[in-house]
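We use all heavy atoms of the structure for the numbers below, so side chains are in, but hydrogens, waters and symmetry mates are not. Every chain is numbered from 1 and lettered A, B, ... according to where its sequence line falls, protein lines coming before strand lines.
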Amino acid sequence: MKPLSVSLPIPTPDGEFTAHYSEQGLAGLDFPRTKQAGRRAAATNPIPLNVRAWHGTTVAALKKVLQGDKPATLPPLDWSGKTEFQKQVWRVMLKIPRGKTLSYGEVASATGRPKASRAVGGACGANPVPVLVPCHRVLAANQKLGGFGGGLEWKRRLLGREGLDHFA
DNA sequence: AGCCAGTCTCGGA
DNA sequence: TCCGAGACTGGCT
């Protein structure tokens, strides 16, 4: 049985993101494709009303973050199927305010596993909702960028827009 | 068992 | 001061 899954485009000045929804909420967010690919999810089917509402929230939130601002509200996030540790890590990241950064090690400590810094990196990579769950605000201990699934370009750009001059 | 978006230490440019 | 190699790490597939 395949659960409900709806994909909707989000046009932004930085390209077209794609949001994926389950019946639980926002389940995934994709960066713009470098290549113009056109997936169109069942455009003939009516989009459920709750998904429509979530999407409105997602679009507004995403645009805010892309401007380096704090989103007013986030849609419900569907983290089903993820491990407890991963959810803990993302919960910590959601609390990092705009323009601030933590190291992987600090995030690890916040989850009660000070030595799991490397695993935190793994959890960041597994984050299905980048940008809104600000994995880009986690740096290596020496204030260097570390990695980023969507490409380090994005990480630097997002931090730059949040006022971290160093990365502009 | 093997992979990693880390971190620390130590040695050499 | 700034890398690079090596050792060690803990969670995930």
Pairing annotation in dot-bracket form, given for DNA chain C with Watson-Crick or G-U pairs under 3.5 Å and | for cross-strand partners = ||||||||.||||
Rounded distance [0.5 Å steps], CH2 in A/Trp79 versus CD in A/Glu84 = 10.5 Å
Can you tell me how far CD of A/Gln24 sits from CG of A/Leu77, rounded to the nearest 0.5 angstrom?
-> 11.5 Å
Return all side-chain donor-acceptor pairs below 3.5 angstrom for residues 117-126 of chain A, not counting sequence neighbours, or 'none' if the list is empty.
none

Just jot down the ring-ring contact (aromatic ring centres under 6.0 Å, His included) partners of A/Tyr104, sequence neighbours excluded, or say none.
-> none
Nucleic acid footprint by protein, nucleotides 7-13 of chain B - heavy-atom cut-off 4.0 Å, B for base, S for sugar-phosphate alone = S------
Mind jotting down which residue pairs meet the side-chain hydrogen bond (donor to acceptor under 3.5 Å, both in side chains) criterion with at least one end in residues 128-152 of chain A? Sequence neighbours excluded, please.
-> A/His136-A/Glu162, A/Arg137-A/Glu162
When we call it a touch if two heavy atoms are under 4.0 Å apart, what does A/Phe85 touch: a base, just sugar-phosphate, or nothing?
-> sugar-phosphate
Considering only C/dC3, B/dA5, C/dG10, which nucleotide approaches the side chain of A/Lys144 most closely?
-> C/dC3
When the distance from CE of A/Met93 to P of B/dA5 is rounded to whole Å, what number comes out?
-> 14 Å
Rounded interatomic separation in angstrom, taking CZ from A/Phe148 and P from B/dG6 = 14 Å
Apply the test ring-ring contact (aromatic ring centres under 6.0 Å, His included) to residues A/Phe148 and A/Trp154: give CA-CA distance (whole Å), side-chain angles for both, the deciding distance (0.1 Å), then the verdict.
-> CA-CA 8 Å; A/Phe148 195 67; A/Trp154 278 104; 8.3 Å; no
Which heavy-atom pair separates A/Ala19 from A/Ile10 by the least distance, and what is that distance?
-> CB-CD1, 3.9 Å
Side-chain atoms of residues 56-76 of chain A: list all donor-acceptor pairs with protein atoms under 3.5 Å, sequence neighbours left out, distances to 0.1 Å.
unit_1, atom_1, unit_2, atom_2, d
A/Thr57, OG1, A/Ala53, O, 3.3
A/Thr58, OG1, A/Tyr21, OH, 3.0
A/Thr58, OG1, A/Trp54, O, 3.0

